[in-house]
There are 2 protein chains.
Amino acid sequence: MQSYTEENYLKTIYHLAEKTTNVQTNAIAEQMQTKPASVTDMIKKLAEKGLIDYVKYQGVTLTETGKNTAIDIVRKHRLWEVFLVDKLNFKWDEVHDVAEELEHIKSVELIERLDEFLGFPRTDPHGDPIPDKNRRFAKTQFIKLIELKTGESGTITGVSQHSSPFLKHLEKLGLTLGKQIQVSDVTDFDGSVEIRISDKQVNISREVAKHILISSNGKN
Amino acid sequence: MQSYTEENYLKTIYHLAEKTTNVQTNAIAEQMQTKPASVTDMIKKLAEKGLIDYVKYQGVTLTETGKNTAIDIVRKHRLWEVFLVDKLNFKWDEVHDVAEELEHIKSVELIERLDEFLGFPRTDPHGDPIPDKNRRFAKTQFIKLIELKTGESGTITGVSQHSSPFLKHLEKLGLTLGKQIQVSDVTDFDGSVEIRISDKQVNISREVAKHILISSNGKN
DNA sequence: AATAATTTTTAGATTTACCTAAAAATAAAA
DNA sequence: TTTTATTTTTAGGTAAATCTAAAAATTATT
């Protein structure tokens with residue numbers, strides 16, 4: 001049985017481990033808005049419980065058990081996000097904080113029934129994959145919009161940034177999940193990208209283009 | 001901003017206050033499965049925060065603010081129970097523990113939207129009234145089944161005991177909310193009650209009859 | 001009213017998750 | 001390869017919510 005805080009540490013380590021193999025103390029501290037000294041304390045505790053492997057000064061990795069716990073939390077978080085958007089009409093930029101609380105509700109039965117009630121969704125409102133109850137993720141093949149060349153097109157299927165301002169910005173531009181887009185030009189000057197969406201032309205900054213994920217369907 | 005624990009104390013005090021005016025330390029301790037000494041500590045804290053009135057050795061009463069907080073938690077608890085039963089097909093004896101966790105999720109927006117999603121229910125799966133967002137309860141007029149005389153009838157509209165064994169027992173006997181019943185006999189020997197429900201005869205103990213709530217529609 | 005029983009509070013500790021400040025280990029730069 | 005900078009850990013402390021054991025206040029009983 002893990003505490004709320006332990007679960008948040010595991011989740012944070014899980015997400016950081018998607019980028020680097022060995023997750024460092026400072027990285028965890030920054031992500032969790034706490035101090036490195038506090039992280040060291042917690043790390044020791046999680047290591048003792050067999051949830052992470054820890055070698056002093058070398059960072060940590062999740063054990064099988066730790067990873068499973070983390071995936072369960074990710075699953076719960078994303079299912080609750082689907083619930084909030086699909087059933088309670090929240091916007092995709094409004095769900096994160098509430099889901100952050102709901103993800104810690106413990107009942108397994110609850111999540112299985114919620115999953116069913118939602119029709120076993122495979123992605124959350126930001127396009128992130130939802131692991132099934134056996135913790136398996138559907139394979140996804142994303143390309144960052146920034147990587148598309150002029151003339152190439154695809155469908156918006158995810159975002160790699162969940163901040164409310166960013167998501168509101170996309171919403172305003174009509175860049176929501178499922179929309180078909182085509183790159184009509186890439187500006188030399190600032191790297192901003194001109195795209196065509198529903199017969200309108202929209203210009204987005206390089207920074208924005210980096211965080212939009214496209215499932216490509218080649219040129220056409 | 002209250003902690004999870006503070007909220008539970010307020011809720012407990014609120015429920016105990018339905019029976020006695022001044023809520024005693026020991027009563028709180030028993031209900032919360034903790035020790036009187038711990039209760040004294042917490043009571044002082046809640047009093048300092050202006051959530052309860054507290055005179056040493058005299059027990060406590062909720063202030064306006066404290067009562068409002070408690071009602072908000074009761075509202076959340078009962079709405080979540082409706083969600084679990086109506087939408088996720090939980091049985092009425094399975095919802096308490098999960099709702100006990102869900103009631104502490106903080107978002108006001110969430111609860112308002114959940115309320116709407118559920119169609120603004122006025123009672124929970126056990127017949128308990130759900131306060132509206134202005135914290136007003138619908139007036140309810142219950143009689144205990146035990147108080148009905150032979151020949152009198154009514155509709156089962158609530159239970160005053162939420163334990164899983166009790167609720168499962170009622171379920172097995174077909175004594176669920178909305179069912180029409182008529183008292184056909186009261187046994188002299190042990191005070192058990194013979195009732196007619198959907199043309200079947202069922203015998204229930206005095207103890208069970210005490211905890212079934214009836215909205216009476218007189219003799220007929 | 002005095003004594004006994006019960007209830008409540010105080011005193012002093014413990015655990016969890018934090019913190020600051022300083023020391024130690026590792027990594028980067030001269 | 002020293003020196004410097006960065007990262008991480010240790011040491012010692014705090015606040016929240018609990019505990020046990022003992023003292024104090026209240027209530028009940030003789």
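Each chain gets a letter, A, B and so on, in the order its sequence line appears, and its residues count up from 1. Since the structure is predicted, the reported quantities are computational estimates derived from the model, not experimental observations.
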*Asks:* Look at A:Y9 and C:dC18 and indicate whether a side-chain polar atom (N or O) is within less than 4.0 Å of OP1 or OP2.
*Replies:*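 Answer is yes, contact under 4.0 Å.
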*Asks:* Looking only at heavy atoms, which two atoms of B:V82 and B:T123 are closest? And how far apart?
*Replies:* CG2-O, 3.7 Å
*Asks:* Rounded to whole angstrom units, what separation is found between the CG atom of A:D41 and the C1' atom of C:dT20?
*Replies:*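 Those two atoms, CG and C1', are 12 Å apart.
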*Asks:* Could you tell me if A:K87 sits above the aromatic ring of B:F83, with its cationic atom closer than 6.0 Å to the ring centre and no more than 45 degrees from the axis?
*Replies:*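 No, A:K87 does not lie over the aromatic ring of B:F83.
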*Asks:* Heavy atom of residues 24-35 of chain B under 4.0 Å from DNA chain D: which residues?
*Replies:* B:T34, B:K35
*Asks:* Whether the A:D124 and A:H77 side chains hold a donor-acceptor pair (N or O, under 3.5 Å, no angle test) is what I'd like checked.
*Replies:*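 A:H77 and A:D124 do not have a side-chain donor-acceptor pair below 3.5 Å.
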*Asks:* If you look at every strand shown and take non-hydrogen atoms under 4.0 Å, does A:T5 touch a base, only sugar-phosphate, or nothing?
*Replies:*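 Sugar-phosphate, no base atom in range.
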*Asks:* Whole Å only: how far is the CE atom of B:M42 from the P atom of C:dT9?
*Replies:*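 Interatomic distance, CE of B:M42 to P of C:dT9: 14 Å.
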*Asks:* Does A:K91 come within less than 4.0 Å of A:E171, counting only side-chain N to carboxylate O?
*Replies:*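 Between A:E171 and A:K91 there is no salt bridge, as every charged N stays at least 4.0 Å from the carboxylate O atoms.
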*Asks:* Flag the pair A:K11 and A:E103 as a salt bridge only when some basic side-chain nitrogen lies within less than 4.0 angstrom of an acidic carboxylate oxygen.
*Replies:* yes
*Asks:* Using atom CG of A:N8 as one end and atom C1' of C:dT16 as the other, report the distance to the nearest whole Å.
*Replies:* 15 Å
*Asks:* In whole angstrom, give the distance that lies between atom NZ of B:K44 and atom P of D:dA16.
*Replies:*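 After rounding, the gap between these two atoms is 14 Å.
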*Asks:* Just the rounded figure in Å: distance from P of D:dT7 to CG of A:N22.
*Replies:* 16 Å
*Asks:* Are A:Y9 and A:Y4 an aromatic pair by the rule of ring centers under 6.0 Å?
*Replies:* no
*Asks:* Do you see a donor-acceptor pair shorter than 3.5 Å between the side chains of A:H162 and A:D93?
*Replies:*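 Distance-only check fails for A:H162 and A:D93.
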*Asks:* Nearest to the side chain of A:Q58, which nucleotide is it out of D:dT18, C:dT26, C:dT8?
*Replies:* C:dT26
*Asks:* Is there any protein nitrogen or oxygen under 3.5 Å from a nitrogen or oxygen in nucleotides 22-25 of chain D, and what are the pairs?
*Replies:*
from: D:dA25; atom 1: O4'; to: B:Y57; atom 2: OH; distance (Å): 3.4

*Asks:* In terms of side-chain geometry, is the basic nitrogen of A:K133 or A:D115 positioned less than 4.0 Å from the acidic oxygen of its partner?
*Replies:*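 The answer is no: the pair does not qualify as a salt bridge.
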*Asks:* Return no unless some side-chain N or O of B:S38 is found under 4.0 Å from OP1 or OP2 of D:dT18.
*Replies:*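 False: B:S38 side-chain N/O out of range (4.0 Å or more) of D:dT18 OP1/OP2.
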*Asks:* What I want to check is whether the side chains of B:T187 and B:S192 have a donor and an acceptor closer together than 3.5 Å.
*Replies:*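 There is such a pair (donor and acceptor under 3.5 Å, judged by atom type) between the side chains of B:T187 and B:S192.
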*Asks:* Using a heavy-atom cut-off of under 4.0 Å over every strand shown, decide if A:Y54 touches base, sugar-phosphate, or nothing.
*Replies:*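 Contact class for A:Y54: sugar-phosphate only.
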